[in-house]
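Atom set for the values below is all heavy atoms of this structure, side chains included, hydrogens, waters and symmetry mates excluded. Since we're looking at a predicted model, the values are computed, not measured.
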Amino acid sequence: MRKNILFFLTLITFFVFTTVSFCVAADIDTILSNIEKKNSSVKDMQANYSQTVTYISTGEQTKSEGVFKHKKQDYVSLIQVSPERQYVYIDGKTITTYVPSNRQAIVEKWKNVVENDVMLTSVFKFSKNFKLLKKDYNIKLQDETEVVYSFLITPKDKKENWSMLITINKSTYLVTASSFDNGNFKVDIEINNYKTNNNFSNDIFKFVAPKNVDVIEL
């Protein structure tokens, strides 16, 4: 179950602060410049999500949905409401995963989680180093309709075997859907009901353990 949460966090870090128009320019250098300009105006964000993880070899699927809040740079609060209620808090230093039914919270160093997860590492390259996009990743306009643009992102490093399809609304420049595929599993996410620049306090991204809850630090 915790792995499914990480799948979502992997993608959401990219979503939240690339909510800009990839399509207002013909070349990637201009696109990256527009990303940085628009990115500077988005301080925090809240939205609803639904996620489906499909395991390619078996066809097994797991589905979840919930609400997330995100604040620059590494602050995340995520509440999964189904199939089981879970809470995830990231304060820039640690990631705490709390499952009420288990009466247990697991605390890990956020840096260790990122460095030991290929997906997370790749996405944090996106969120913090926009100028390196052209160097490290191939970006292709996969599809365009009257409503959305869809961009296919793949790594140039042949050791990284994955692709990500990002769908962006033309009117709002917000990501409405994404599909991540690495050959072993596929993660499809839909996002809606965005609220930006809410002036979130850092306190909402810190976990406060309820009574009789075991806190395990790894």
Side-chain angles (χ1 to χ4, degrees), residues 3-25 28 31-32 34-35 38-39 41-42 44-56 59-72 76-83 86 88 117-127 130 133 137-155 160-198:
K3 183 177 290 186
N4 293 342
I5 287 288
L6 284 180
F7 289 161
F8 178 77
L9 290 175
T10 298
L11 300 178
I12 207 60
T13 306
F14 178 54
F15 293 156
V16 173
F17 296 120
T18 55
T19 56
V20 295
S21 176
F22 282 90
C23 45
V24 295
I28 192 63
I31 291 172
L32 293 178
N34 286 330
I35 286 177
K38 293 179 181 292
N39 177 48
S41 67
V42 180
D44 61 44
M45 179 178 292
Q46 174 179 324
N48 296 344
Y49 75 90
S50 60
Q51 171 183 270
T52 301
V53 180
T54 304
Y55 297 90
I56 306 298
E60 178 188 0
Q61 289 188 332
T62 60
K63 298 183 178 182
S64 60
E65 61 181 23
V67 180
F68 74 88
K69 296 178 181 179
H70 196 308
K71 180 179 179 179
K72 290 183 177 177
V76 177
S77 171
L78 185 147
I79 301 176
Q80 176 183 287
V81 297
S82 70
Q86 288 190 74
V88 174
D117 191 295
V118 174
M119 292 172 58
L120 288 172
T121 302
S122 299
V123 171
F124 271 85
K125 290 180 184 178
F126 283 128
S127 64
F130 288 120
L133 278 174
Y137 304 94
N138 301 305
I139 303 176
K140 176 183 177 182
L141 180 61
Q142 187 80 351
D143 191 22
E144 178 180 352
T145 70
E146 294 182 357
V147 179
V148 301
Y149 294 92
S150 296
F151 290 85
L152 181 66
I153 301 173
T154 57
E160 297 183 31
N161 182 28
W162 57 265
S163 64
M164 185 185 297
L165 187 67
I166 304 290
T167 301
I168 298 176
N169 184 284
K170 285 185 175 181
S171 298
T172 63
Y173 303 133
L174 296 173
V175 175
T176 58
S178 178
S179 181
F180 178 95
D181 189 341
N182 69 357
N184 295 317
F185 57 81
K186 182 179 179 183
V187 184
D188 295 301
I189 293 177
E190 295 184 0
I191 304 177
N192 57 61
N193 196 26
Y194 280 98
K195 297 178 182 178
T196 60
N197 295 330
N198 304 279

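- The distance from atom CG of Asp181 to atom CD1 of Ile56, rounded to the nearest 0.5 Å, is 5.0 Å.
- Shown here for Tyr194 and Ala47, the closest heavy-atom pair between the two residues is CD2-CB, 3.8 Å.
- When side chains are defined from C-beta on, Leu152 counts as touching Ser163, because their heavy atoms get closer than 4.5 Å.
- Residues Trp162 and Ile153 approach most closely at CZ3-O, 3.7 Å, considering heavy atoms.
- Taking the side chain as every heavy atom from C-beta outward, Val67 and Gln46 approach each other to under 4.5 Å.
- Interatomic distance, Lys63 NZ to Thr52 OG1, rounded to the nearest 0.5 Å: 5.0 Å.
- In this structure, Thr145 contributes its side chain and Val147 its backbone to a donor-acceptor pair below 3.5 Å.
- Met45 contributes atom CE, which lies 6.0 Å from atom OG1 of Thr196 (distance to the nearest 0.5 angstrom).
- Listed for the Asp44 side chain is a donor-acceptor partner under 3.5 Å among the backbone atoms of Asn198.
- Counting heavy atoms from C-beta on, the side chains of Ser77 and Phe68 never come closer than 4.5 Å.
- Residues Asn161 and Asn182 fail the side-chain proximity criterion, which asks for heavy atoms closer than 4.5 Å.
- Within the 4.5 Å cutoff, the side chain of Ser179 has no heavy atoms near those of the Met164 side chain.
- Here the shortest heavy-atom pairing between Ile166 and Ser178 reads CD1-OG, 3.5 Å.
- Distance check: Glu190 CD to Gln51 CD gives 11.5 Å after rounding to the nearest 0.5 Å.
- Looking only at side-chain heavy atoms (C-beta outward), Asn192 and Tyr49 stay at 4.5 Å or farther from each other.
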- Item | Pair Lys186-Asp188, side-chain contact (heavy atoms from CB on, under 4.5 Å): steps then yes or no | CA-CA 7 Å; Lys186 182 179 179 183; Asp188 295 301; 3.3 Å; yes
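- Within the 4.5 Å cutoff, the side chain of Glu65 has heavy atoms near those of the Val81 side chain.
- Atom CG of Leu78 is separated from atom OG of Ser64 by 8.5 Å, given to the nearest 0.5 angstrom.
- Under the 4.5 Å side-chain criterion, counting only non-hydrogen atoms from C-beta, Thr54 is not in contact with Glu60.
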